[in-house]
Amino acid sequence: FINGESGTGKELAAEALHRVSPRRAKQFVALNCGAIPNELLESTIFGHRKGAFTGATMDQEGAAARADGGTLFLDEIGEMALPLQPKLLRFIQTGTYQPVGESRTVSATIRFVAATNRDPAEAVRQGRLREDLFYRLNVVPITMPPLRERGEDILLIARHFLLLFAKAEGKRFRSFAPEVEARLLAYRWPGNVRQLQNTVRNAVVLNDGEVVTGEMLGSFDRVSLEAQPTPPPDAAPRAPEPPAAEPDLLPLAEMERRYIEHAIARCGGNTQLAARRLGISSSTIYRKKQGWDNPGG
């Protein structure tokens, strides 16, 4: 069971599991349960027989048959209609299923991988996901971290996309300028890897050269999709609060702490980037923070 924000690569993780497993010679079949109409999802998974319903003009093999011996990836499992969930649970438990319109059961041996970008426990509490199905799938839980928590991985992924799109578009790009790398590391990437992919693709398609500069990258990190609160039109502007009185001189250790915390905040919470900008190692910052948190230790 893979959990993670949208765009973190849950399907890629499922494919990777399939490729390194003994099932790699068989098919990896992916279904997005939220993108298929509920009335079609059962036949999409289990298949159907001719005449099973209006429009079923021939036998149709389902995802279960195609994934026999391989892997069936069920993305957005929490979007699956509740009446279908017991049938999926039975299939997982017994390894048998019935195509729509068929009286006999069919056997299949399948690795099931499910994923969601929502909190599955909350989906269970809200009654959108059966508790028994969740626990049957949640044998090996995997959480895909958001891109903002992956540190230098951001640059590895961005460079991969840069070379990939440069080759596809016949461009000469090979690297990012240092200030561009700093912006990539400092940004929080609400759209995760998918947003990073589109940002790099945009720079490659609309520009040319060997090094991606800040001008080519545009203002991706200055646009927020989050709603910003706006004061009512008749609200009077709030007077600025007077600055708190401080002593003329602060201890050097306190000044150092404030400056390091300011640098980390300026870098969007990225300690590694802050350390690089300050010219020190990230281990130095972590060691100092440990001392701040445990002053008597």
Side chain to side chain contact (heavy atoms under 4.5 Å, CB included) for L155 and F176? Distances and angles first, verdict last. CA-CA 9 Å; L155 297 183; F176 298 97; 5.8 Å; no
If you define the side chain from C-beta out and look only at heavy atoms, does anything of S43 sit under 4.5 Å from Q60? no
Any residue meeting salt bridge (Lys or Arg N to Asp or Glu O under 4.0 Å) with E149, in chain and number order, not counting sequence neighbours: none
Taken to the nearest 0.5 Å, the spacing of L196 CG from D153 CG works out to 11.0 Å
Worked verdict on L84 versus I45 for side chain to side chain contact (heavy atoms under 4.5 Å, CB included): CA-CA 10 Å; L84 182 55; I45 295 175; 4.3 Å; yes
Side chain to side chain donor-acceptor pair (under 3.5 Å) pairs touching residues 66-86, sequence neighbours excluded, are H18-T71, E79-R118
Is the ring pair F220/W189 parallel, tilted or perpendicular, if the boundaries are 30 and 60 degrees? parallel
Contacts table for residues 7-17: side-chain donor-acceptor under 3.5 angstrom, sequence neighbours left out:
{"residue": "T8", "atom": "OG1", "partner": "E5", "partner atom": "O", "Å": "2.7"}
{"residue": "K10", "atom": "NZ", "partner": "G4", "partner atom": "O", "Å": "3.2"}
{"residue": "K10", "atom": "NZ", "partner": "E5", "partner atom": "O", "Å": "3.1"}

For the hydrophobic clusters of this structure (ILVMFWY residues joined by side-chain heavy atoms under 4.5 Å, transitively), does one cluster hold both I2 and V193? no
Is the side chain of R24 donor-acceptor paired with the backbone N or O of S21 at a distance under 3.5 Å, no angle test? yes
Give the table of side-chain donor-acceptor pairs shorter than 3.5 Å for residues 198-212, with sequence neighbours excluded, one pair per line with atom names and distance.
{"residue": "N198", "atom": "ND2", "partner": "R194", "partner atom": "O", "Å": "3.4"}
{"residue": "T199", "atom": "OG1", "partner": "Q195", "partner atom": "O", "Å": "2.9"}
{"residue": "N207", "atom": "ND2", "partner": "A203", "partner atom": "O", "Å": "2.9"}

Would you check if the side chain of Q98 reaches a backbone N or O of S103 as a donor-acceptor pair within less than 3.5 Å? yes
Co-membership, hydrophobic cluster, residues M216 and L163, 4.5 Å side-chain: no
Under a 4.5 Å cut-off applied to non-hydrogen side-chain atoms, are N3 and P141 in contact? no
Euclidean distance, I92 CD1 relative to L74 CG, rounded to 0.5 Å: 7.0 Å
Can you name the residues that form a side chain to side chain donor-acceptor pair (under 3.5 Å) with E131, not counting sequence neighbours? none
Name all residues meeting the salt bridge (Lys or Arg N to Asp or Glu O under 4.0 Å) criterion together with E122; count only those two or more places apart in sequence or in a different chain, and write none if there are none. R125
Run F165 and Q197 through side chain to side chain contact (heavy atoms under 4.5 Å, CB included) and show every step you take. CA-CA 9 Å; F165 297 141; Q197 178 182 18; 3.6 Å; yes
Crowded around K26 NZ? As in, over 12 foreign heavy atoms under 6.0 Å? no
Heavy-atom side-chain contact between P120 and N138 under 4.5 Å: no
So which atom in L72 and which in A67 form the shortest heavy-atom distance, rounded to 0.1 Å? CB-CB, 4.1 Å
To check you understand the geometry: which heavy-atom pair defines the closest contact between N192 and L147, and what is its length? OD1-N, 2.9 Å
Residues at least two apart in sequence or cross-chain that pass ring pair (Phe, Tyr, Trp, His ring centres under 6.0 Å) with Y135, listed by chain then number, are none
Taking the six-membered ring where the residue is Trp, are the ring centres of F134 and F1 under 6.0 Å apart? yes
Looking only at heavy atoms, what is the nearest atom pair of I110 and A64, with distance? CD1-O, 3.4 Å
If I take atom CG from residue L133 and atom CG from residue L88, how far apart are they, to the nearest 0.5 angstrom? 5.5 Å
CG-CD1 distance between L31 and I77, expressed to the nearest 0.5 angstrom: 9.5 Å
Any chance you could lay out the side chain to side chain contact (heavy atoms under 4.5 Å, CB included) test for Y187 and I154, step after step, and finish with the verdict? CA-CA 10 Å; Y187 187 53; I154 294 172; over 6 Å; no
When you look at R159 and E181, which way does the salt bridge (Lys or Arg N to Asp or Glu O under 4.0 Å) test go after all the steps? CA-CA 10 Å; R159 290 166 186 153; E181 292 192 345; 2.9 Å; yes
Please round to the nearest 0.5 Å and tell me the distance separating atom CD1 of I280 and atom CD1 of I285. 4.0 Å
Exercise: identify the closest heavy-atom pair between A63 and V29: CB-CG1, 3.8 Å
Which residue pairs pass the ring pair (Phe, Tyr, Trp, His ring centres under 6.0 Å) test when at least one of the two sits in residues 59-85, sequence neighbours left out? none
Would you please name every residue forming a ring pair (Phe, Tyr, Trp, His ring centres under 6.0 Å) with F46, sequence neighbours left out? F91, Y97
D59: what forms a salt bridge (Lys or Arg N to Asp or Glu O under 4.0 Å) with it, not counting sequence neighbours? none
Given the rule that I, L, V, M, F, W and Y join up when any side-chain heavy atoms are under 4.5 Å apart, are I36 and V113 in one cluster? no
What's the spacing between L41 CG and M80 CE if we round to 0.5 Å? 5.0 Å
For the student: nearest non-hydrogen atoms of R130 and P86, plus distance: NH1-CG, 3.4 Å
Residues in salt bridge (Lys or Arg N to Asp or Glu O under 4.0 Å) contact with K87, at least two apart in sequence or another chain: E42
Nearest heavy-atom neighbours spanning L82 and G127: CD1-O, 3.2 Å
Which residues satisfy the side chain to side chain donor-acceptor pair (under 3.5 Å) test with T143, sequence neighbours excluded? none
